Structure formats: C-alpha cells, structure tokens
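Here the structure is laid out as structure tokens; the discussion comes afterwards.
To find a chain, count down the sequence lines: A is the first, B the second, and so on, and within it residues start at 1. Just so it is clear, the model here is predicted, and its values are computed rather than measured.
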Amino acid sequence: MDLKGELQKKVPQHPSFTNFNTQHQQKWEDPSILDYSTRIEPPFQAFNQNSQTQSSLLCNPHNQIKVPIQDGPVNESLQASKVQDWDPSAMLNNLSFLEQKIHQLQDLVNLIIGRRDQVLGRLDELVAQRQQLITADLTSIIVQLISTLGSLLPSVKHTLSASTPSLGQFGQFGEVVFPSGQGLNDGVQPQNAGGSKVSEPPNSVEISNNSGNEQNLIIEEHELKDEEDTEEGENLLPGTYEILQLEKEEILAPHTHFCTICGKGFKRDANLRMHMRGHGDEYKTPAALAKPNKESSSEPTLIKRYSCPYVGCKRNKGHKKFQPLKTILCVKNHYKRTHCDKSYICSRCNTKKFSVIADLKTHEKHCGKDKWLCSCGTTFSRKDKLFGHIALFQGHTPAIPLDETKGSNRPSDRGDANQATNKVGIMNFNFSSNVSSESGVQSNVDVKGGIDDPSGYFSPLNFDTYNFGGFHEFPRPPFDDSDTSFAFLLTGFGNYTQKNRQD
Amino acid sequence: MKKQKHEFLGGFNFNPFDLLSEEIIFMILDLLNRNPLDKKSFSLVCKSFYAAESKHRESLKPRLQEHLPAILCRYPNITHLDLTLCSLVSDASLSIISNGYASTLRSIDFSRSRLFSTSGLFGLALNCKNLVEIDLSNGTELKDSAMAAIAEAKNLEKLWLARCKSITDMGVGCVAVGCRKLRFICLKWCLGVGDLGVGLIAIKCKHVCYLDLSYLSITNTCLSSILKLQHLEELVLEGCFSIDDDSLAVLKHGCKSLKSLDVSACQNISHNGLSSLINGAEGLQQLTLAHGSPVTSSLADCLKKLSLLQSVKLDGCLITYDGLKTIGNWCVSLRELSLCKCSGVTDEGLSFVVTKHKDLRKLDITCCRNITDVSIAHITNLCNSLTSLRMESCTLVSREPFVLIGQQCHLLEELDLTDNEIDDKGLKYISRCSKLSNLKLGICHNITDEGLIDIGRGCPKLLELDLYRSAEITDMGILAIAQGCPGLEMINISYCIDITDCSLLSLSKCSRLKTLESRGCSLITSLGLTAVVVGCKELTKLDIKKCHNIDDAGMIPLAHFSQNLRQINLSHSSVTDVGLLSLTSIGCLQNITILHLKGLTPCGLAAFLLACGGLTKVKLQAAFRWLLPHPLVEHLEARGCMFHWRDKVLQVELDPKCWKLQLENPMP
C-alpha cells in the first residue's frame with residue numbers, strides 16, 4: 001500500500017482522538033501501539049466513506065461543547081428554521097448512520113479485547129496515552145449515537161428542518177441533547193482529576209478556550225472562503241437562473257454523480273439514470289437509460305445556480321446579498337469548509353484542521369517546510385509576515401526552531417540539563433503580558449515535540465498550539481492598533497468561557 | 001604625620017614604596033603602555049607591585065584558554081578581553097569568564113575563536129550585564145540560536161557578526177529585539193541575512209549609528225527604514241548587488257545624520273541611484289564609490305551639493321576626463337582623494353583636480369599608469385600639506401619629479417613609491433620629510449645605499465621601511481637606517497641579495513623591531529639571526545624563507561630570546577628537526593610555514609607539532625599529509641590547528657630585472 005493511501009487513512013482518525021482530549025479516564029486494559037495501526041487497517045474506501053458520514057452529522061463532542069458559546073446565532077437561526085417541516089429522508093439517513101456507528105463500536109470493542117494481552121512490556125506512559133485515545137474514540141462514537149438517536153425522537157421533530165439540517169443539529173443539542181452534553185462535560189472533570197496523569201486545570205481551561213477559539217476560527221474562515229468563492233463579474237439578475245438547494249445530507253454524501261435537475265447525488269451513474277426517470281418521460285427512453293455517450297440536447301436550459309442550505313449564510317438563498325454557488329462541487333466544498341467540522345488534522349503539525357481532504361493535502365505539501373514562529377507562539381507561513389508581526393509588537397522576538405538549538409549545542413561540553421534549561425529559557429523570555437502563561441505552555445509543547453516522542457502528538461497540550469495558531473490567523477486589522485487590544489482579546493476569551501462554564 | 005611614623009619605623013622595616021599611593025602607581029602604570037613587557041617587568045619587582053599591576057590591568061589578550069582560570073585569579077578588574085589568540089574557546093572557558101567577570105567585563109572579542117556554542121554565549125550574555133561589545137566575526141558555525149543567546153545581552157552597543165554565514169533573518173531579528181541599545185552593527189558577509197532582518201534592526205534599534213551591510217542581498221525595502229534612523233552616521237553597502245537605481249528611485253528622503261557612505265562594488269547604482277541615496281544627507285563627509293559605475297560628470301555633479309565632503313574614494317572606477325573636471329569644480333576642498341587603480345586618470349584631469357583641491361592631505365594614485373611628471377609637478381606644487389602619497393607603479397613618471405616631492409611636501413608621513421623610477425637624488429630630497437614614518441621603496445632598482453643613508457639621516461621617525469627587491473641595497477644602507485631610525489618596527493629586505501649578517505647586526509640596535517622579512521637573502525647566516533634576536537626582543541614575525549645559510553644554530557637563540565614570536569616562515573632554509581624542536585619553547589608561536597626543509601623528517605615534525613601547543617596554522621608540504629600519522633593530524637586539528645597542505649614545485653628564481661619587465665606590461 002502506498003504512503004499516500006496510508007496517510008489518508010490515518011488522517012481522519014486523528015480528529016476523534018485529539019478532539020476529545022484525555023478527559024475520560026477509564027479502566028481499560030492498555031491497548032498497545034499496534035492497536036492503533038490495526039485499527040486503521042480497514043480498506044481505504046470503506047473508511048473514507050465512514051469518515052464522511054461521520055462528519056456529516058455534526059454531533060461529535062467537540063461541537064457539543066461549542067454550543068453554549070454559539071448560543072446567540074443559533075437561537076436566531078433556530079427561530080428562522082422552526083417554520084419549516086421535518087424531513088423523513090433525514091431520518092432514514094440518521095438510521096443508516098446509526099447502523100454504521102454501531103458496527104464501528106463493535107469493531108473497537110473487539111479490538112480492545114483482542115489486543116488485551118499484548119500490552120505487557122509497553123511503556124506505561126504510552127499505554128496510558130493509547131488507552132485515553134481509545135476511550136476518547138469510544139466515547140465519541142457513543143455520544144454520536146446518543147445524539148443521533150435523540151434526533152429521531154418525535155418530540156424534537158419540529159426543530160428539524162430540511163433546508164437547514166446542520167442548524168437543526170445544532171439546535172437539537174442546544175435544546176434537547178445539550179443537557180446530556182453538559183452532563184458529560186461535568187461528569188468528566190472530576191474523573192479526570194482522579195485518574196488522568198495530565199494535570200487537570202490546564203485541561204479544563206483548554207476545553208473552554210478551544211471551543212472559543214474554534215468558534216472564531218470558523219467565523220474567520222467562513223469570511224475568508226466567501227471572498228475566495230465569489231464569482232468575479234457574475235451578476236446574474238434574480239430570476240434569470242434557477243436556484244437549487246441541496247440538502248445537507250446530499251452535500252456531504254460521498255457521491256460523484258449528481259442529478260442536474262434536483263442535484264441529488266448517486267454513487268453510480270446507473271442509479272442516477274434510474275433516478276432521472278422520475279423527472280419526466282424524456283428520461284424514460286431506452287436511449288436515455290442506456291450508457292451515456294450522447295451530448296445533452298441543445299435545448300435552452302435555464303442556468304442553474306446553487307444555494308447553501310445553511311440559513312444565514314451569504315450563499316443561502318434567504319440571504320439579503322445572496323451570492324449563488326456555481327456548481328455542485330462548489331456547494332460541497334463551501335458547505336464543508338464553512339459549516340462543517342474540520343475533522344482532518346494535519347498529521348505533521350497537528351494544529352491545522354480541514355474539512356475538505358483536498359485542502360489538507362494542499363496544506364501538507366507546505367506544512368513544516370517553513371514554519372515561522374514568534375516567541376508569543378504565533379506561527380506564520382511566511383517570514384515577512386512574522387517580521388511584520390515582530391516589528392509591530394514590543395517584546396516579541398523570532399523563536400529559533402529547537403532542533404537548531406539542539407544541533408548547535410552538540411559540541412558543547414556542558415551538561416545536558418543545562419542545555420535544556422537554556423532552551424526553555426530562550427523560548428520563554430520576553431513575555432510580559434498575560435500571554436505569558438499560554439505561551440509558556442506553548443513552548444513546553446515545542447520542547448516536547450522536539451523530542452522524538454510519538455506520544456507527543458497526542459498530548460492534550462497540543463490543543464494550545466492549535467488555539468494559538470488559529471487565533472492569530474485572524475485578519476490583521478483587529479490587532480493593528482496596539483498590544484493592548486491583543487491582551488484584551490485574550491482576557492476576553494478567558495472571561496467569556498469562564499462565564500459559560502459557570503452557567 | 002605618616003612620614004614621621006615611617007621615619008620612626010625606618011630602622012626595622014622600611015619599604016620606600018609604601019609611600020607611593022595606589023593612585024600614583026596606577027598613573028605610572030598607565031604610562032607603561034608601549035611595550036607589554038614593561039608591565040611584566042614591573043609586576044616582577046615585588047609582591048606589592050605585582051598586586052598593584054594585577055589590580056590595574058583592564059585589558060587582556062590571553063594566549064590559551066587553559067590559562068583562563070589562573071588569569072581570573074590574578075586579574076580581577078578586566079573589562080576588555082581579547083580572545084583572538086585563543087583559537088579554541090570552549091563553553092567551559094566561556095562560563096569561567098562569564099562567572100569571573102560578571103560585573104566588570106564590557107568588551108569581548110571572539111573574532112578568531114571557535115568551538116564555543118550557544119549555551120556558552122547564553123551564559124555570557126546573562127551573567128555579564130555590563131557587556132557592551134561583542135565581536136563574533138568569522139563565527140561561521142554560529143547559528144540563529146547563538147544570536148538568540150546574544151539577544152540576552154540587553155546592554156549591548158557594538159556587535160560584529162562579519163562572516164557569520166549561517167545566521168539568518170531569524171537570528172538577526174532576535175538580536176534586534178533583544179539588544180535595543182545597539183549602536184554599531186557589522187553584518188558583513190552574513191549571507192543568510194536579508195531585508196527582513198536588517199529592516200527589523202532599523203525598526204527596533206533606534207540608536208544605530210554604524211551599520212555595515214556589505215555583501216548582503218538587501219534591497220530598498222529595508223533601505224527605506226534604515227535611512228529613517230535618526231542617528232545613523234556610517235553606512236556601508238559594499239557589494240550589495242540587489243540595490244539598483246530603480247529601487248533607490250523610490251526612496252523619498254536620505255538620512256540627514258549620515259556622515260560616511262560606502263557603496264563600493266555596487267555596480268547597479270549609477271548617479272541616479274546615488275543622488276536619491278544621498279538626497280538630504282547634507283552632512284556627508286566621506287564617500288566611497290570604489291569599483292562602481294564609471295565616474296562621469298553626471299555622477300560627480302550629483303555630489304556637488306555635499307558641502308561638508310572631505311574624503312572621496314573612487315578606487316578601481318573608470319573615470320572620464322569630464323568626471324575629473326567636475327570633481328575639480330566642486331566648491332568644497334577635499335582632504336582625501338583615492339584614485340587607486342582608476343583607469344582614465346590623465347595628467348590633464350588630475351592636474352585640474354589638484355588645482356581646486358589644494359588642501360588634500362591624502363592622495364592615492366596607485367597604478368594610475370597614464371600620469372607623468374606633469375601630474376606630480378602639479379601635485380607637489382599645489383598640495384603642500386599632503387601627509388600621505390601613494391603612487392605605486394606610476395610607471396611613466398621619470399626620476400626628476402621625486403625631487404619635487406621632497407622639496408614641496410614636508411609633511412609627508414606615508415609615502416609609497418613601490419615600483420617607481422626614483423633614484424638616490426630623489427631619496428636625498430625625500431629625506432627632508434622629517435615626519436616620514438612609512439616608506440615603501442620596493443622594486444626601486446635605481447636606489448642605492450647612498451639614498452638610504454640620506455633617509456637614515458633625515459627621517460628619524462621611520463617605523464616601516466620596505467626595500468623588497470631593491471637589489472642595489474647593501475649593508476651600508478641598512479646600517480644607516482638602523483642608526484638613524486631607532487624606532488623602526490618593520491623592515492623588509494627580501495631579495496636584497498647583497499645583504500649579509502652585518503645588516504642584521506646593525507638592525508639589532510632597533511629594539512622595537514617587530515617584523516623582519518629577509519626572504520632570499522642567501523648571505524645571511526645563523527649568526528646574523530642570533531644578533532637580531534638578542535637585540536630585538538619584541539620580534540613577532542620573522543620570514544627567513546630561502547635563507548639557505550640559516551640552520552639549527554640560529555634556531556636555538558631564536559627560541560631562547562624571541563619569546564614573543566608568533567609567526568615564522570622557515571621554508572627553504574637549512575633548519576632540521578633539531579632546530580624545529582627547539583622552537584617549541586616559544587609559547588606564543590601560532591603560525592609556521594615549513595616547506596622544502598631538507599632536514600625535516602616526519603618524526604621530527606610530529607614531535608614538534610605535538611610539543612607546540614599553541615599552533616593555529618601550519619603550512620606543510622603535501623607529502624607530509626601521508627607521512628604523518630592520521631590520528632596525530634586529527635588530534636592537532638581538534639586542538640585548534642589548521643593545516644595547509646602545499647604541493648608547489650620549487651621555482652627557479654627570476655632575474656630581478658625580469659620582475660620589473662613583467663610588471664611593466666602596459667595597460668590595454
């Protein structure tokens with residue numbers, strides 16, 4: 001099997017591990033590293049499909065935690081969506097999803113049982129990590145199951161909306177499943193304090209922080225992509241084109257053949273042709289049902305444009321300044337990028353997340369090659385951006401990659417311990433504001449990363465790296481005035497999330 | 001009162017030096033600066049003198065890092081530490097320094113040292129809070145992390161990073177952020193540094209007054225922020241090829257505070273770019289445009305408004321007549337003009353220039369091969385206040401005008417007449433320049449002892465004399481010089497084939513002699529060498545290549561008396577293993593060239609190399625590379641010694657006249 005394939009397989013596995021952190025400490029027998037590798041053994045295609053569906057329902061714990069912060073916008077859009085009707089096809093979809101999930105769960109449990117005896121002789125720490133990850137995965141699946149089941153309840157029928165499926169999901173959590181989510185969160189903390197090796201306070205902070213930043217990141221990327229997707233020069237008058245709106249499930253389905261009339265997707269062209277019969281008699285002819293090698297007739301067809309099913313989105317037909325999407329592919333990418341969970345994490349940097357696998361691949365081409373790091377923990381893809389940042393702020397300084405520090409230290413005849421402290425010292429200096437605590441953690445992460453420890457990838461601390469990376473990818477302007485605004489934003493986050501936790 | 005007490009005690013235990021207060025001793029010591037040996041002798045007088053000298057000394061140049069702990073005990077008040085003689089400085093040594101001189105050390109020089117790393121520098125920067133100067137030049141192995149360590153030296157004002165090729169913008173960025181007080185930065189040859197790093201320095205270090213950016217690939221992006229520096233006085237942009245007219249055209253304003261600008265070897269800067277670069281820099285005093293675009297009237301025109309200009313260097317440029325004429329029409333009177341190796345300098349042009357710039361103090365017309373007696377006549381008539389005239393290889397100038405130099409320019413201190421037609425008559429007049437301290441008469445075949453005797457009589461302040469291949473010189477001339485110029489520090493009598501031991505005997509009276517080059521003087525023997533080394537205790541550099549008659553008998557006294565010897569060339573002499581081994585007692589010896597020694601065996605060489613701990617550079621015949629045990633070579637290299645393997649076949653000595661002819665090939 002080639003490397004690429006392997007990568008693809010590994011990548012989607014990560015989100016569930018990292019997203020969930022290490023809060024659930026359970027007394028599983030320690031699975032070994034081998035477990036992990038076998039777990040990603042299932043053939044690529046099946047797996048891919050799997051992951052697609054997984055992300056199709058925005059119901060992993062990560063999102064759940066996000067919900068409280070999202071309160072405002074969610075409620076608004078909920079009210080907008082309540083009018084709409086419940087879709088039975090969504091329910092069907094959910095059911096098939098449940099089926100898949102249960103299978104997954106079975107596999108996982110089987111694995112754990114199967115590998116139980118291989119763990120002797122493994123490093124304790126590693127084993128603990130594995131265990132946490134497995135646990136996290138299990139929990140994630142279970143939570144997904146619960147939430148999907150919840151959506152099937154007739155009592156919440158009216159909140160489900162065909163046109164805004166994702167919102168429906170959100171709303172669901174907000175109203176019905178949310179308590180369980182909260183309970184989960186609450187229940188986890190004490191457990192963590194008892195069992196987890198990783199220090200507890202940072203963890204709890206991370207969760208809240210992360211969700212806050214995640215939220216912001218999504219908004220930011222949303223805006224960004226919108227700009228990207230804007231079709232230059234296309235000023236179609238309303239009414240001159242036909243607006244089609246795919247459902248969320250359609251968009252996220254791993255289909256390759258789409259109905260040009262309703263946009264429904266199919267895995268096989270033959271299925272599509274069968275479907276087309278429903279659109280009229282002209283599709284029922286033997287010629288139309290035969291394998292297509294003919295050109296579509298030159299009849300004047302109305303230009304088709306697509307609308308995003310997410311209410312409130314600029315690409316949604318309900319938006320004041322609605323900007324339609326050109327193709328189904330555009331819809332798919334737009335929806336995934338903007339309204340879906342970013343479940344593909346770059347396995348190299350462990351910070352960048354993507355919802356479209358192609359984006360991940362593009363990123364991976366460049367990832368790690370030129371990482372320009374500031375002492376505050378912010379990373380830049382371009383050196384000039386880093387220097388612009390440093391020029392702007394007092395006390396920020398370029399951070400020298402650790403491997404270099406290591407390399408140049410080699411000829412030294414001093415003790416290793418000394419070197420290590422030096423390194424940390426170098427990384428840590430120059431912090432004066434309240435950024436310090438965060439970036440302190442950040443530099444620790446880096447130190448850890450520098451040591452060739454595979455378990456480091458799964459360190460919960462990595463979340464902070466991500467936070468910071470995402471946080472600073474804001475468009476520049478908000479930061480441009482002074483560092484005080486920077487500090488303010490940071491404290492703002494802290495307060496906000498804390499409040500939420502108290503609620 | 002105190003005096004009485006001492007008189008009372010005088011009977012038992014009176015030490016007259018107790019009357020000298022520490023301040024007085026320190027004042028005396030302040031005056032003992034010329035010769036390092038004086039202070040040594042002083043400290044050896046008695047314990048109290050020893051202690052006083054230890055307390056007084058502030059500057060130190062240790063020879064080996066192994067001595068550092070002892071030095072630390074003896075000298076507690078060192079502020080300036082010059083480690084250029086220690087080729088190896090380990091992190092351990094650095095930590096000794098940084099702990100020992102934590103409060104006193106202000107300046108440290110690593111420009112010739114290696115082995116130390118980031119952690120050592122980090123400790124230094126953290127401990128020595130008063131450190132204001134660090135020279136890390138030639139630290140080719142230093143990485144950005146080392147710069148991050150340097151950035152911890154918050155009070156740093158001067159930093160040399162020349163040839164630190166491995167550092168990048170990131171490292172320089174760290175320094176820029178960390179060392180906000182920097183005033184003096186040299187980034188010459190830091191090839192990894194670009195616009196971003198330099199730009200950040202300009203943004204963060206507002207007090208920079210000296211900036212050397214030679215050979216960096218910087219463009220106008222950082223230049224604009226550099227020119228905004230309020231205190232910038234000296235800017236060196238030598239060989240910055242990426243700066244061109246187009247990018248300079250964007251610059252809106254020059255730097256008002258700029259006093260010195262060097263844009264040598266920037267071929268892409270023409271008068272247009274230059275004028276935008278110096279736009280607003282009315283205070284410019286010194287301008288170097290060497291090896292740049294041709295000096296035309298338009299280029300010279302754009303410099304016209306610089307009313308404070310004192311020094312212009314146009315070395316290696318093509319100069320048109322119009323260009324020279326425009327320079328001559330500037331309203332300022334230059335103090336310094338260098339036209340070294342400029343093509344296009346003619347009598348007419350040069351004469352015009354000197355008629356307007358009568359106040360010239362320094363003039364360099366080296367290799368201006370088209371000028372004749374006319375120019376020299378003009379120069380000597382008009383520029384009476386010249387202190388330095390360099391006119392090597394002005395081949396069309398005949399014998400006569402050198403008389404004029406002696407007649408008109410009495411203030412000359414430096415005179416380079418290498419490869420000229422000057423004869424004894426000329427020297428007779430030049431001997432009127434009583435302030436002359438540096439005289440170069442290499443490849444002057446027309447001069448004899450007679451002229452040199454005049455120089456010896458007239459120029460008592462002579463410090464350096466070059467007689468390379470001036471073959472008519474004999475012992476008489478050298479005797480006159482040795483008698484007339486007691487302060488002589490450097491003399492080159494290479495290939496003056498008639499010179500014998502008598503010359504060396506007379507030179508032994510010049511007790512300050514530091515450098516003696518006597519290549520190819522086959523008449524001198526070990527005896528002469530012995531005489532010199534007995535008399536000239538400060539000898540640091542000795543070149544006796546091709547002195548076939550010098551053998552081991554000369555080496556033994558050399559080793560005994562010349563304890564300051566740093567550099568020696570023994571190639572083609574008759575020295576053998578024995579002589580070489582005796583040299584091991586010279587602790588300072590660092591640099592040795594031993595090619596074509598017939599009596600040298602691999603064993604002797606190996607023993608010498610092992611015993612001579614301070615060696616840093618050894619030139620050997622390539623054959624020894626395979627004859628010496630490889631582990632030995634490795635060991636020596638680890639000790640800080642560099643080997644240069646030479647595989648040159650012995651060349652037959654050319655006829656001295658032939659030399660001249662070779663050099664006389666006219667310029668195309």
- salt bridge (charged side-chain N to carboxylate O under 4.0 Å, His left out) against K383(A), all qualifying residues, sequence neighbours excluded: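 Once residues adjacent in sequence are excluded, the partners of K383(A) under the salt bridge (charged side-chain N to carboxylate O under 4.0 Å, His left out) criterion are D169(B).
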
- Query: Closest heavy-atom contact between A391(A) and K204(B)?
  - Reply: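 Closest pair (atom of A391(A), atom of K204(B), distance): O-NZ, 3.7 Å.
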
What side-chain donor-acceptor pairs closer than 3.5 Å can you find for residues 181-189 of chain B, not counting sequence neighbours?
residue: K181(B); atom: NZ; partner: N155(B); partner atom: OD1; Å: 2.7
residue: R183(B); atom: NE; partner: E157(B); partner atom: OE1; Å: 3.4
residue: R183(B); atom: NH2; partner: E157(B); partner atom: OE1; Å: 3.2

- Query: For atom NE2 of H207(B), is the number of surrounding heavy atoms from other residues, nucleotides or ligands below 6.0 Å larger than 12?
  - Reply: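 No, the 6.0 Å shell around NE2 holds no more than 12 heavy atoms from other groups.
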
- Message: Is it the case that atom CZ in R180(B) sees more than 12 heavy atoms from other parts of the structure closer than 6.0 Å?
- Response: yes

- Message: Quick check on L200(B) against chain A: is it the side chain, the backbone, both or neither that has a heavy atom closer than 4.5 Å?
- Response: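 For L200(B), side-chain heavy atoms alone lie under 4.5 Å from chain A.
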
- Does the side chain of M147(B) reach to within under 4.5 Å of the side chain of I400(A), using non-hydrogen atoms?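 No, too far: nothing below the 4.5 Å cut-off.
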
